[in-house]
Amino acid sequence: MTSIIRSTQGGCWGSDRLRLRLYGSVFDPAVMPLIDRVESLQGVIRKVKRIAAMGQTGRSNYVDVTKFPKAGTSKLSADEMPEAPTAPSTYNEKMLANYVPVYVMLPLGVISNDNVFEDQPKMEKQLKELRAAGVDGVMVDVWWGIVESKGPKQYDWSAYRSLFALVQECGLKLQAIMSFHRCGGNVGDEVTIPLPQWVLDIGETDPDIFYTNRKGNRNKEYLTIGVDNQPLFDGRTAVQLYSDYMKSFREHMSDFIEAGLIIDIEVGLGPAGELRYPSYTGTQGWVFPGIGEFQCYDKYLEAEFKEAATGAGHPEWGLPDNAGEYNDTPGSTEFFGLNGTYMTEKGKFFLTWYSNKLINHGDEILDEANRAFLGCKVKLAAKVAGIHWWYKSPSHAAELTSGYYNLKDRDGYRPIARMLSRHYAIFNFTCLEMRDSEQRADAKCGPQELVQQVLSGGWREEVEVAGENALSRYDSNGYNQMLLNARPSGISREGLPKQIMYGVTYLRLSDELLKDKNFKIFKTFVKKMHADQDYCADLGMYNHQIGPLERSKPKLVMEDLLEATKPMEPFPWGEETDMKVDDFDGVLANLIRNLFSLFK
C-alpha cells in the first residue's frame with residue numbers, strides 16, 4: 001500500500017466532484033501494525049485535516065503512510081514522527097497555565113517489611129517507563145512500621161534513601177507520605193505492614209490506645225486521637241511520636257529536599273493515611289455500602305466526651321447507642337433514620353464534638369509537620385477520603401461515622417480546608433475517577449456531587465487542591481472523569497483557568513498499568529493532563545514554584561470553623577472534559593469520523 005488517500009481530480013477539493021480511492025484498507029489487520037500507536041493515529045487525523053486545508057490552496061493532497069513509524073519502534077527519530085502543527089511560543093506559555101502535573105503512586109510494598117529495597121532493577125525499568133511517558137513524579141508511603149520498627153527513636157532510613165536516589169536518577173519528582181497507619185485491611189491493600197511492634201506491645205497492656213467501636217472491638221490500624229496528648233509511649237505522646245519521626249526524616253533526607261527531589265510531604269492523619277476515623281474496615285466485617293460505625297469508645301475519648309457534655313450542661317449525655325452496625329442502612333437505625341437522633345440537640349452536639357476532634361487532630365499534627373519542615377522548599381499536604389455512598393441520603397450516614405459532619409445544610413469539608421490553609425497545606429481528595437452512573441442505585445452514591453462540593457470548598461478557602469483515583473482504572477471513562485475534575489471549567493487559552501487542580505496522583509504503578517494497551521491510553525491521559533504540552537521540568541513555568549515553608553498562621557478559633565460550615569453552591573462544572581482521552585477503539589472511530597467529514 002503506497003497511500004491511503006489520493007484525489008483523482010488533480011487536486012480539486014472544492015466544488016468539483018471528488019472520487020476517493022482507498023488502496024487496501026487502513027483498517028485491515030495486516031495493515032494495522034503500521035499505525036498501531038495511538039500517537040500515530042492522531043498524527044493521521046492531523047494530516048487529514050491539513051490535507052483539507054492545503055486543498056484550498058492547491059497544494060499537494062498526497063499522504064504517504066510509509067513515513068509513519070512502524071510497529072515495534074521503541075525510539076522515533078524526528079523524521080519518523082508524524083508532522084504536527086507548530087504554535088507560537090506565546091500560545092504554549094499560555095497553555096502551560098493549564099498544565100496539571102501527574103504523579104504515580106508506587107507499590108505499597110516497594111520497601112519490604114524487613115526494610116529492604118527489593119527488586120531494584122525492575123523498579124528502575126518501571127520508573128524509566130514512567131518518565132518516558134511524561135509523568136512528573138511518584139508518590140511513596142514512608143512506613144512508620146518499617147522505619148522505626150526496632151525500637152523507640154531507632155530510625156533506619158537506608159532502604160528509602162536507596163529508593164529516593166533511584167527516583168532522582170530517573171528524573172522524577174517525589175511526594176513522600178508520612179504513613180503512620182497500618183497497611184492491610186483496606187481496599188487495594190496487597191501487603192500487610194503493621195504499626196511498630198513496640199507500639200503494639202504497649203497496646204497489649206493498654207488496648208484503649210486503639211480506636212474502639214461500641215462493642216469494644218479494637219482497630220489496630222491507627223492510634224486513637226484520644227492518646228494524641230497522653231504520654232503513654234515511653235514518656236512520649238502520640239503527637240510527639242509523629243513529630244520526632246518527621247524531624248528525623250528531614251534530618252536524614254535533607255540532601256534530597258535541598259536538591260528539589262522531594263516537593264510534597266503528605267502527613268498521614270488516620271487510617272489509609274486519611275484524615276478520618278476507621279469507621280469502615282474489612283477486618284471487622286464491613287462491606288460496601290455499609291454505613292460504618294462511630295469509633296470513639298476507647299476510655300480516653302469517652303472521658304473527653306463526658307467532660308465536654310458536662311461542660312455544656314448535659315452530664316447525662318453519653319455516646320450514641322442507637323447508630324447501628326457496620327453494614328446497616330441509614331433507615332434501619334434510630335440515629336440516622338427519618339427524624340433521627342442526628343437532627344436532635346444531643347445528636348448535633350455529639351457530631352460537632354466528633355468532627356471537631358478530627359479537625360483538631362489534623363491541625364495539631366500539621367503544626368508539628370510545619371515546625372519539622374520549616375524553611376524547606378516543600379509543600380505540606382493532607383488527604384481526605386471520598387465517602388460517596390449515602391451522600392444522596394438525608395443523613396449522609398457513612399460520612400458522619402467517618403468524622404465528616406456534612407449535611408445538605410452544613411458543609412463538613414470547608415472547615416477542613418480552612419484548617420489546612422493555616423499550614424499552607426494542599427487538600428488532597430480521592431474518588432476523582434468515579435461517576436454516579438457507575439454506582440449502585442440503592443446506596444444513593446454521589447461521587448460527582450461530592451467531588452464538586454469538596455473541590456469548590458477548597459478553592460473558596462484558597463488552598464491548593466489535589467486529588468487521586470480511589471480504585472485502579474485503565475479505561476477512558478475513568479481518565480476523562482479525572483480530567484474533567486482537574487479543570488472543571490475547561491482549558492483557558494488565555495492563561496490560568498478559573499479552577500484547576502494543583503496535581504493528580506494516579507493509583508497505582510503495577511504490571512497491569514504497564515501492559516501495552518493500558519499504558520498507551522495512560523500516556524494519552526498524562527498528555528491531556530498536561531494540556532497537550534510536553535513534559536515541563538520547570539515548576540515555575542506552570543505556577544508551581546515552591547518557596548521556603550513559612551510558619552503556620554495563628555490557630556483558628558471555633559467561630560472561624562463554624563463560619564466555614566455554611567453551605568455554598570459549587571462552582572460550575574462542565575458535562576465532559578475538553579481534553580478527552582480516547583481508547584484505541586475510540587481513536588479509530590474518531591479517525592473514521594474525520595475522514596468522512598471531509599467529503600460531506
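Scope of the values below: all heavy atoms of this structure, side chains included, with no hydrogens, waters or symmetry mates. Being a predicted model, the structure only gives us computed values, none of them experimental.
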When you look at CD of Gln545, are more than 12 heavy atoms from neighbouring residues, nucleotides or ligands closer to it than 6.0 Å? yes
Ion pair Glu468/Lys383, N-O distance below 4.0 Å: yes
Should the heavy atoms of other residues, nucleotides or ligands under 6.0 Å from NZ of Lys553 be counted, would the total exceed 12? yes
Distance-only side-chain donor-acceptor flag, Gln453 / Tyr391, under 3.5 Å: yes
Do Tyr354 side-chain atoms and Gln295 backbone N/O form a donor-acceptor pair below 3.5 Å? yes
Quick check: Tyr474 with Tyr479 (ring centres under 6.0 Å apart)? no
Side chain of Gln448, backbone of Asp436: donor and acceptor closer than 3.5 Å? yes
With a sphere of 6.0 Å drawn around NZ of Lys444, does it hold more than 12 non-hydrogen atoms of other residues, nucleotides or ligands? no
Any Lys/Arg nitrogen of Arg422 or Asp363 sitting under 4.0 Å from an Asp/Glu carboxylate oxygen of the other? yes
Could you tell me which non-hydrogen atom of Asn113 sits nearest to which non-hydrogen atom of Pro194, and how far apart they are? ND2-CD, 4.0 Å
Using 30° and 60° as the class boundaries, would you call the ring planes of Tyr502 and His544 parallel, tilted or perpendicular? parallel
Taking the six-membered ring for Trp, are Phe350 and Phe294 parallel (under 30°), tilted (30 to 60°) or perpendicular (over 60°)? perpendicular
Pair Arg371 + Asp367, salt bridge at N-O below 4.0 Å: yes
Between Tyr222 and Glu274: side-chain donor-acceptor atoms closer than 3.5 Å: no
Check for me whether Arg460 meets the cation-pi criterion with Phe571, that is, NZ or CZ under 6.0 Å from the six-membered ring centre and within 45 degrees of the ring axis. yes
Looking only at the aromatic ring of each residue, does the gap between the centers of Tyr280 and Trp389 stay below 6.0 angstrom? yes
Mind checking whether Phe305 and Phe349 have side chains closer than 4.5 Å, heavy atoms only? yes
Test: Asp409 and Lys566 ion pair at under 4.0 Å: no
Are the aromatic rings of Trp143 and His181 close, with centres under 6.0 Å apart? yes
Could you tell me whether the side chain of Thr352 and the main chain of Lys348 form a donor-acceptor pair under 3.5 Å? yes
Within the side chain of Asn485, is there an N or O that forms a donor-acceptor pair under 3.5 Å with the backbone of Gln481? yes
Of Thr283, Leu200, Ile193, the one forming a side-chain contact (heavy atoms from CB on, under 4.5 Å) with Arg182 is Thr283
Could you tell me whether Lys215 and Glu293 have a side-chain N and a carboxylate O separated by less than 4.0 Å? no
For salt bridge (Lys or Arg N to Asp or Glu O under 4.0 Å), just list the numbers for Lys392 and Glu449, CA-CA rounded to whole Å, side-chain angles, deciding distance to a tenth of an Å, and then say yes or no. CA-CA 9 Å; Lys392 293 183 178 180; Glu449 293 81 0; 3.6 Å; yes
Apply salt bridge (Lys or Arg N to Asp or Glu O under 4.0 Å) to residues Arg418 and Glu461 and explain how you reach the verdict. CA-CA 6 Å; Arg418 184 163 294 187; Glu461 293 300 319; 2.9 Å; yes
A side-chain contact here means heavy atoms from C-beta on lying under 4.5 Å apart; do Val199 and Leu223 qualify? yes
What's the shortest heavy-atom distance between Gly324 and Thr333, and which atoms? CA-CG2, 3.8 Å
Are the side chain of Arg440 and the backbone of Cys445 linked by a donor-acceptor contact shorter than 3.5 Å? no
Do Arg218 and Tyr297 form a cation-pi contact, if we require the NZ or CZ to be under 6.0 Å from the six-membered ring centre and within 45 degrees of the ring's axis? no
Are the side chain of Asp298 and the backbone N or O of Thr212 linked by a donor-acceptor pair below 3.5 Å? no
Centre-to-centre under 6.0 Å for His530 and Tyr99, is that the case here? yes
Kindly give the heavy-atom pair with the smallest separation between Tyr103 and Val135, and that separation in Å. CA-CG1, 4.4 Å
Just by distance, no angles: are the side chains of Glu576 and Asn480 close enough, under 3.5 Å, to form a donor-acceptor pair? no
For Glu512 and Ser472, which I'm curious about, is there any donor-acceptor pair between the side chains at under 3.5 Å? no
